[in-house]
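To start, the structure under review is shown below, and the notes come after it.
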Amino acid sequence: MTPEEIERVRPRLVEFAAQMLGVLPRSDQRAKGELYVRGLLTDGARKSMQPMAERLGVDHQGLQQFITSSTWDYERVRANVANWAVHAIAPDAYVVDDSGFPKDGKASPLVARQYSGTLGKTGNCQIGVSVQMVTDSASVAANWRLFCPSSWDDHRIDDPVAAAQVRDRRTRAAIPDEVRHREKWRLALDMLDQMLTPPGDESVGGAVGGWGLPKRPVVGDSGYGDATEFRLGLTERGLDYVLQVDPTATAHPGDAVPATVPSTGRGRPPKPRYPDEPVTLRELALAAGRAACRRVTWRNGSRKTKDNPTAAMCSHFLAIRVRPANRHIPRAADGGLPGEWLIAEWPPDKPEPVKYWLSTMSIRTPLKTLVRLAKIRWRIEHDYRELKTGLGVDHFEGRSFVGWHRHVTLTVLAQAFATMLRLDPKADASA
């Protein structure tokens, strides 16, 4: 926003920031928080502390102290923003994803040479894992965790000298001792636990306890869908999912039934098992055939044309019942595997499906609903673009773990305020 636009919406920003930052114990902290959010919202190429302070006409050391060494709980602020989003946007799903923050040097917390989808290659970067609350028209990137590479975990390093060097790096970056290498999908489960646990339960999510959010289906790309343990973890938590998967994953047809092989009278009695070996999801989709596909419009976009005046987003999809087969998936007493939806997008001009998803949504779920949830991940690209190019989520130049999380939290607050303005036709300035 321009400075003039900021001034027009300033009363609303002060009110919104006071509501979100009300858990901060001191009035000066709440004022600094509103000032920092205002800096993130104001036009400028860089949203690091010094350039923001110059645009705001304040001493950058005050902002730096607030972010790096002041005592305030960013988790409580996130909980406030997330609970606001429940009522403001009524999210249809939680979307898990991760994004890379390219960095120079080795001093930034948990920076390492690792693959980044942002870069499209391996590079020197931090990786932030996020859980977004989304609808087709609005979203908030509510929760974040900074991924800890194994090179930052001295518990995983056998060489005593190298381990001591890593401990020194962790100390300089103020990495909490409990922050250790965990797969990204485990971080996503940790955040979902924090978000869904009732506030009175202090066993999850640290001092703030749970956030008490409602359960919603979980959506993610194949980086999460291909992790069988992640899918099982969602099911254990009573969460349905629509997750993209690799077509080489294997499954039995939905109507397959285990059979008991006759006993030879020797050894243990044989357990029931499926008579045929599982096949790939691709083979199951191709066996169903193009005739099983239906044309589905899942939303209207913004690019209207003469041939498509409503900007309808549509393609052809099939949805069939399958039983994913993996050694991690527990079987019932009769040897059976649980059934799920296999959803495949098969455009008319393609010889075979181009994308695949597995879903535990109810067997009565309409195809359009399955497709809409599978495709709702597009909001994440919108969020990351807004958070990075507009609000500077990746512009943090500090070298502390808590500083990174505080900066990201206030960026999320700024995004939530922009979302509130977009939802309100009476807003005095564009967001």
Side-chain angles (χ1 to χ4, degrees), residues 92-93 95 136 217-228 230-232 234-235 240-259 272-301 307-308 310-329 331-332 334-378:
D92 294 321
V95 180
D136 278 320
V218 175
V219 178
D221 65 14
S222 59
Y224 296 87
D226 287 339
T228 304
F230 179 65
R231 303 200 310 268
L232 291 175
L234 294 175
T235 300
D240 288 324
Y241 58 74
V242 183
L243 297 168
Q244 189 174 347
V245 289
D246 192 282
T248 59
T250 58
H252 296 282
D255 58 359
V257 178
R273 65 180 186 181
Y274 290 97
D276 299 315
E277 292 296 315
V279 297
T280 66
L281 301 181
R282 174 180 178 272
E283 291 174 281
L284 288 169
L286 290 174
R290 194 185 292 276
C293 293
R294 286 168 45 199
R295 186 176 185 271
V296 176
T297 299
W298 61 90
R299 70 180 178 89
N300 292 326
D307 297 330
N308 188 6
T310 62
M313 308 285 287
C314 59
S315 186
H316 287 67
F317 297 85
L318 62 82
I320 57 175
R321 300 296 290 178
V322 300
R323 300 181 183 275
N326 184 287
R327 62 186 176 88
H328 296 293
I329 301 175
R331 296 173 181 254
D334 65 355
L337 290 162
E340 299 186 21
W341 284 112
L342 167 61
I343 308 154
E345 181 179 0
W346 194 340
D349 59 341
K350 300 295 181 182
E352 63 180 75
V354 295
K355 287 185 179 179
Y356 297 77
W357 296 265
L358 286 174
S359 174
T360 53
M361 298 290 287
S362 165
I363 194 170
R364 296 182 295 275
T365 305
L367 177 60
K368 183 172 183 177
T369 300
L370 294 172
V371 170
R372 187 175 67 83
L373 288 171
K375 289 290 189 176
I376 208 168
R377 231 189 113 258
W378 77 273

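Any value given below was found using the heavy atoms of this structure, including those in side chains, with hydrogens, waters and symmetry copies removed. The first residue of the sequence shown is numbered 1, and numbering continues consecutively from there.
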Salt bridge (charged side-chain N to carboxylate O under 4.0 Å, His left out) partners of residues 275-296, not counting sequence neighbours, each pair once: Arg282-Glu352
Smallest separation among heavy atoms of Gly225 and Val245, with atom names: O-CG1, 3.5 Å
Heavy-atom check, side chain of Val371 versus side chain of Trp357, under 4.5 Å: no
Expected output: side-chain Asp226 to main-chain Asp246 donor-acceptor under 3.5 Å: yes
Any donor-acceptor N/O pair, Ser359 side chain to Tyr241 backbone, under 3.5 Å: yes
Any Trp378 side-chain heavy atom under 4.5 Å of Asp136 side chain: yes
Between CH2 on residue Trp341 and CD1 on residue Ile363, distance to nearest 0.5 Å: 6.0 Å
Residue pair Pro253 / Leu284: nearest heavy atoms and the distance that separates them: CG-CD2, 4.0 Å
Separation between CZ of Arg372 and OG1 of Thr365, rounded to the nearest 0.5 Å: 11.5 Å
Can you give the donor-acceptor pairs under 3.5 Å from side chains of residues 314-326 to other protein atoms, not counting sequence neighbours?
residue, atom, partner, partner atom, Å
Ser315, OG, Glu345, OE2, 3.1
Arg321, NH2, Gly339, O, 3.4
Arg323, NE, Gly254, O, 3.0
Arg323, NH1, Leu337, O, 2.5
Arg323, NH2, Gly254, O, 3.2
Asn326, OD1, His328, N, 2.8
Asn326, ND2, Thr228, OG1, 3.2

Separation of Asp92 CG from Ile376 CD1 (nearest 0.5 Å): 5.0 Å
Minimum heavy-atom distance Tyr274-Gly335, with the two atoms named: CE1-O, 3.7 Å
Atom pair CG/CD1 of Leu370 and Ile343 - distance to nearest 0.5 Å: 4.5 Å
Separation between OG1 of Thr369 and CH2 of Trp298, rounded to the nearest 0.5 Å: 14.5 Å
Any Val95 side-chain heavy atom under 4.5 Å of Tyr224 side chain: no
Closest approach of Ala251 to Leu281 (non-hydrogen atoms, all atoms of both residues): CB-CD2, 3.8 Å
Beyond-backbone contact of Pro353 with Leu286, side-chain heavy atoms, under 4.5 angstrom: yes
Inter-residue atom distance Arg299.CZ - Lys375.NZ, 0.5 Å rounding: 9.5 Å
Closest approach of Leu373 to Ala93 (non-hydrogen atoms, all atoms of both residues): CD2-CB, 4.1 Å
Taking every non-hydrogen atom, the tightest pair across Thr250 and Pro278: CB-CB, 4.0 Å
Close side-chain approach of Asp240 and Thr360, heavy atoms under 4.5 Å: yes
Contacts of Tyr356 that satisfy side chain to side chain donor-acceptor pair (under 3.5 Å) - sequence neighbours left out: none
